[in-house]
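Below is one structure, written out as C-alpha cells; comments come after it.
Below, read A as the first sequence line, B as the second, and so on, with proteins coming before strands; counting in each chain starts at 1. Source: prediction; values computed, not measured.
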2 protein chains.
Amino acid sequence: MTDSASAPRRATPAYRLLADRLRVQIDRGEFGQAGRLPTEAELQREHGVSRHTVREALNQLETDGLIRRVQGSGTFANPSQGRSGRYQRRIGSLDEIVVWPDTTMEVLDSFEVEVNPALAARLELPYIEVGHARIRRWYEGEPFVVTDHWVAPSLAKTLAEARVPTRADGTVIGEAEQFLSSKIAGARQDITAMAAPRREAELIGCEPGAPILLIERVYYDTAGGLVEMTASHFNPRRYSYRMDLRRRT
Amino acid sequence: MTDSASAPRRATPAYRLLADRLRVQIDRGEFGQAGRLPTEAELQREHGVSRHTVREALNQLETDGLIRRVQGSGTFANPSQGRSGRYQRRIGSLDEIVVWPDTTMEVLDSFEVEVNPALAARLELPYIEVGHARIRRWYEGEPFVVTDHWVAPSLAKTLAEARVPTRADGTVIGEAEQFLSSKIAGARQDITAMAAPRREAELIGCEPGAPILLIERVYYDTAGGLVEMTASHFNPRRYSYRMDLRRRT
DNA sequence: AAGTGGTCTAGACCACCAT
DNA sequence: TGGTGGTCTAGACCACTTC
C-alpha cells in the first residue's frame, strides 16, 4: 500500500483524465440506448486505477448532470435534451462558463477607465474609477445578449494592451485570468427580470420596455478579492438559462 | 483495517452528520472573524472518523457554497451575504429546495383534475388530463410568487385527499414524495423573463405587462419518470435568484 | 445469491502556503 | 521547514437491485 507501488503522478490528476474520457464517450453515445456505463469495478480494471479514483471521476460527471447513479443497479448517462430554437445554456460549474460554444462575440466598447463611484465601491476599490467594456454575443446570426464588464483600472489597462477579449467563444474573465496573480475561485450571480432600457433593447433586438433577463455576476479569486463584475442583458426570446438540480444522496 | 474495528453503521452516514454539525457551527459564526475551520486532521480527531469521511463532509459544504478550501492554507467559511430587502434564494442542490424558510404559503386552487393535452404531453402522460393546483407564497407580509403545479391525475387525487400542501414552509414536491414509489432524483429548470399576465400581476403585486421572472421546473424520479411540472411567476422587485458557481479544482 | 453502488478505514506521497 | 489540503491505493462491509 506504499505509494511507490502506485501509478506515477501526472500533471492532471487521474480522476480528471478518466472523467474527461468518459465525458467524450457519453457525448458520442458510446453507451448505447440505455446509456449504461461500465460498472465501477470494470472501470477500475480498464483504467488501472483504484475504486476511489473511479468514484471521484464519476462524482464530477454527476455534478455536471451527465450521469445518474442507481445503487444496486448501475450508472447511466442522462439523456441530452433537445434544443427548442432558443440558445439554452446549461451551467453546472464555473468551468462550463469560460467558453460560449457556437457563439460569436462583438466588442462594442473596449476597456477604458471611467469614473463610477458606485461600481468602484461594489468592486471594493479604494477609489472612484473603474475599467469598463461592453460586449455583445451572437448566436445563429442574431444578437442575444449585451454584457457590461467592470474591473479595476489597472487590470483594464493590461487587458486593453493585450486587446482582450480576442477569442470569439471565450470570455473576458477567462482571458483575464492569465494576467492575475491569484486564480479565479468562483462567482456569485443574481438572476432577475427587468424592462429593457432603450439602448439595450436596440442591441439585443427587442422593444424598449420589453421584459428581459438580467444576470449580474461577481467573480472572486482564491485570495478572496473581487476581480470582475458583469451585468448581462438577455433577450428572453433568444436565450434561456437552464440548469439541473440534483439530489445529494 | 477490517470493518469490525470501525464505528457502527448509523441510519444517516457519518459524513452527513459531520456536515450538518459544521453547517450549524458556520451559521452560528463559531469560527470567528476569519471563518477558519479546524484542519482536516483536527476534525478527524475531534469526531473520530477517517480523513475520507471528513473530506466527504467538507465536499458537501463546498458544493453548497458554504466553505472555501485553500491548499496549503486551510478551510474557510464563506462570508454570508447580507439581505437587500428582496428575498434572495441561494440554491446549490435539490435538498435546499424542499423548504422555503421564512415564507408562508397560500393555496389558491387545490389539486383538481382538468383537461390540458399540452401539459399532459409534457408530463409524458398517455392521456389528456392533468392534476393542477395553484399556490402563492408570501414573505414579510408581501406575496412574491405564484406557482402552478401539474402532476398526473392519480397523484393529484392522492394529494387532494391528504390535503397537500399542508406545511407553510414546505413544498408540494417535498410533501408529495411520501406518496411516490420512487424517490425524487432531481429537477431541470429553465429561467427566463416575461411580461406579467393580468391575473398573475394581481397575485404578486405588480402591474400587468411588467417584467417578471419565470422559472419552469420538471422533477424526475430515480426511475427516470417525470413526476411534476411547475411554473413560478416571481415579482422581481421582491425576489432574486442567487447562486454560486465554483471552480472544480 | 450475485452484482452494483454507498460508506468507511488506514495509510501514503504530493503540491502548496506560511514561517 | 512544518502544516495544510489534494490525490491515490488497498481493502472492507453494507444497502439495494436484479436474477
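- At the phosphate of D/dT4, neither OP1 nor OP2 sits under 4.0 Å from any side-chain N or O atom of B/Thr75.
- B/Thr103 contributes a side-chain N or O that, together with a main-chain N or O of B/Trp100, makes up a donor-acceptor pair within less than 3.5 Å.
- For A/Arg51 against C/dG6, a side-chain N or O and a base N or O form a donor-acceptor pair under 3.5 Å.
- Straight-line distance from the CZ atom of A/Arg55 to the C1' atom of D/dG11: 15 Å, rounded to whole Å.
- Between C/dG3 and A/Thr39, no contact under 4.0 Å exists linking OP1 or OP2 to a side-chain N or O.
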Give me the distances for all protein-to-nucleotides 17-19 of chain D N/O pairs that come in under 3.5 Å?
from, atom 1, to, atom 2, distance (Å)
D/dT17, O4', A/Gly72, O, 3.4

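- The nucleotide whose nearest atom lies closest to any side-chain atom of B/Val49 is, among D/dT9, D/dG6, C/dT9, C/dT9.
- Side-chain polar atoms of A/Asn116 and A/His132 form no donor-acceptor pair below 3.5 angstrom.
- Nearest to the side chain of B/Pro13, among C/dT7, D/dT7, C/dT9, sits C/dT7.
- Look at CG on B/Asn59: it is 12 Å from P on C/dT7, rounded to the nearest Å.
- Salt bridge annotation for B/Arg69-B/Glu40: present, with a cationic side-chain nitrogen under 4.0 angstrom from a carboxylate oxygen.
- The distance between atom CD of A/Gln44 and atom P of C/dG5, rounded to the nearest whole Å, is 11 Å.
- Looking only at atom types and distance, the side chain of B/Glu216 has no donor-acceptor partner in the side chain of B/Thr230 under 3.5 Å away.
- Nearest heavy atom pair, residue B/Glu129 against residue B/Ala120, reads O-CB, 4.1 Å.
- Donor-acceptor pairing under 3.5 Å is lacking for the side chains of A/Gln189 and A/Tyr219.
- Atom pair B/Leu43:CG and D/dT4:P shows a separation of 11 Å (rounding to whole Å applied).
- Positionally, the nearest nucleotide of DNA chain C for A/Gly74 lies more toward the 5' end than for the other of A/His52 and A/Gly74.
- For the pair B/Leu58 CG and C/dT7 C1', the interatomic distance rounds to 16 Å; values are reported in whole Å.
- Judged by distance alone, with hydrogens and angles left aside, the side-chain atoms of A/Gln60 form no donor-acceptor pair with the main-chain N or O of A/Ala57 at under 3.5 Å.
- C/dT4 atom C1' lies 9 Å from atom CZ of A/Phe76, rounded to whole Å.
- A/Leu61 has its CG atom 15 Å from the C1' atom of C/dG5, to the nearest Å.
- When rounded to the nearest whole Å, the span between CZ of A/Arg69 and C1' of D/dA15 equals 15 Å.
- Considering only side-chain N and O atoms, B/Tyr15 lies nowhere under 4.0 angstrom from the phosphate OP1 or OP2 of C/dC8.
- Of the listed nucleotides (D/dC8, C/dT4, C/dG6), C/dT4 has the atom at the smallest distance from the side chain of A/Arg36.
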